[in-house]
Protein chains: 2
Amino acid sequence: MNIGTAADQANLPPKTIRYYEEIGLVTPSRAENGYRDYSENDVHRLRFLQRSRSLGFTIDECRLLLSLYDDKNRASADVKAVALEKVTEIDRKIADLQSLRDTLATLAKHCHGDGRPDCPIIDDLAGEAANAAT
Amino acid sequence: MNIGTAADQANLPPKTIRYYEEIGLVTPSRAENGYRDYSENDVHRLRFLQRSRSLGFTIDECRLLLSLYDDKNRASADVKAVALEKVTEIDRKIADLQSLRDTLATLAKHCHGDGRPDCPIIDDLAGEAANAAT
DNA sequence: ATAGGGCTTCCAGTTACTGGAAGGTCAAGA
DNA sequence: TCTTGACCTTCCAGTAACTGGAAGCCCTAT
């Protein structure tokens, strides 16, 4: 099938699919006219990629996951390890964001938010304040 | 002062400081020998930038914040709006990450994690499973 | 025949730096 | 005075994962 159809079935833009080919993730055969020709298996792999990416895995992690997907002798422990590592990473990101959020919210709460220039947010950013929030 | 000293005082790498100059954020004068020469005010602006960036503001937002910092007739409401918008954005990111995290954790929990190939994580990614987790 | 839509490749831009090469400058020590 | 090493300069390239756009070929329907 053509790239447009594959794109619809995998829920990925054609541009992205070409990119995945360029980096060696999914390499379709070519029709006589030079068009990419995607097999069912190619589409499966594309769907696998879109799902993996949407779950936050990097391209390199997707590469690994794809190889595990292909490996019928894989150990599920290997897959689980990748997933759990990602969970830990996400937890760290969430904690970081939470901390930023709290700092910003505290600063904003202390700001009058009126027409006057006094602003604890600016003061904090300028480092002139006694750390209203860290 | 030279870029190295400014870097120490602003807690930013020299490379980053040069980059900030390139994009027009902080433009120091030059000494006779061609070296950048940072004033106290330049360093204040650099510190302002490092703090703003560390709080998650993009470069463009920092540009805006810097202009508010410079504007002695600013309305604190404008600053507060920027901060609150960022809080909202961060909240959204946290929610997204939380959802990913939960999905992954659920998938991992259902995975035996042993030497056998059966793996609900792979099944989910392949879209072959009845959405164990969404 | 022509119009449109889809396909091709290739190049550039995005964010916010970071690394590295090639070379000039400065201060301290032998 | 010379040298050494740290520091400074500019410029180019690379990062992650696409995305937009240009120029041009192909296919189908009217």
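In what follows, every chain begins at residue 1, and chains take the letters A, B, ... in the order their sequences are listed. These figures come from a predicted structure and were not determined experimentally.
Under 4.0 angstrom from either OP1 or OP2 of D/dA17 there lies no side-chain N or O belonging to A/Y20. Neither OP1 nor OP2 of C/dA16 sits under 4.0 Å from any side-chain N or O of B/T16.
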Using the salt bridge (Lys or Arg N to Asp or Glu O under 4.0 Å) rule, take B/R30 and B/E21 through it: C-alpha gap first, then chi angles, then the decisive distance, then the call.
CA-CA 12 Å; B/R30 295 288 179 137; B/E21 176 179 354; 3.3 Å; yes
Determine, stepwise, if the pair A/K80 / B/D114 fulfils salt bridge (Lys or Arg N to Asp or Glu O under 4.0 Å).
CA-CA 9 Å; A/K80 187 169 185 171; B/D114 55 21; over 6 Å; no
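Contact annotation for B/F57: no contact, since no heavy-atom pair falls under 4.0 Å across all strands. Nucleic acid contact class of A/I23 (heavy atoms, under 4.0 Å, all strands): none. Backbone-only contact: A/P13 has heavy atoms under 4.0 Å from sugar-phosphate atoms and none from a base.
Closest approach to the A/K15 side chain among D/dA17, C/dT8, D/dG20 is made by D/dG20 (side chain taken as heavy atoms from C-beta onward). The A/Y19 side chain lies nearest to D/dA17 when the options are C/dT18, C/dG20, D/dA17. Comparing D/dC8, C/dA16, C/dC7 by their nearest atom to the side chain of B/R53 picks out C/dA16.
Of the residues in residues 26-39 of chain B, B/N33, B/Y35 come within less than 4.0 Å of DNA chain C through at least one heavy atom, sorted by number. In the region residues 89-97 of chain B, proximity to DNA chain C at under 4.0 angstrom, judged on heavy atoms, holds for none of the residues.
For B/E85, the CD atom is loosely surrounded, since the number of other residues' heavy atoms within 6.0 Å does not exceed 12.
The interatomic distance linking A/N2 (CG) with C/dG5 (C1') rounds to 12 Å, in whole Å. Separating the CD atom of A/E21 from the P atom of C/dC10 is a distance of 12 Å, rounded to the nearest angstrom. Rounded to whole angstrom, the span from the CD atom of A/E22 across to the P atom of C/dT8 amounts to 13 Å. Protein atom CD1 of B/I3 is 14 Å distant from nucleotide atom C1' of C/dT18, rounded to whole Å. The CZ atom of B/R18 sits 14 Å away from the C1' atom of C/dA21 (whole-angstrom rounding). When rounded to the nearest whole Å, the span between CD of B/Q50 and C1' of C/dA16 equals 15 Å.
Of the possible polar contacts, none joining the A/T16 side chain to the A/L12 backbone as a donor-acceptor pair under 3.5 Å is found. B/K72 contributes a side-chain N or O that, together with a main-chain N or O of B/Y69, makes up a donor-acceptor pair within less than 3.5 Å. Without hydrogens or angle criteria, A/D71 side chain to A/L68 main chain gives no donor-acceptor distance under 3.5 Å. A side-chain donor-acceptor contact under 3.5 Å links B/D37 to the backbone of B/M1. Put simply, the side chain of A/T103 gets close to the backbone of A/S99: a donor and an acceptor are under 3.5 Å apart. The main-chain N or O of A/L49 is never found under 3.5 Å from a side-chain atom of A/R45 such that the two would form a donor-acceptor pair. Looking only at distances, no side-chain donor or acceptor of B/E89 sits under 3.5 Å from a matching main-chain atom of B/K86.
Across the interface with DNA chain C, nearest-nucleotide mapping of A/P14 and B/D60 shows A/P14 to be the residue nearer the 5′ end.
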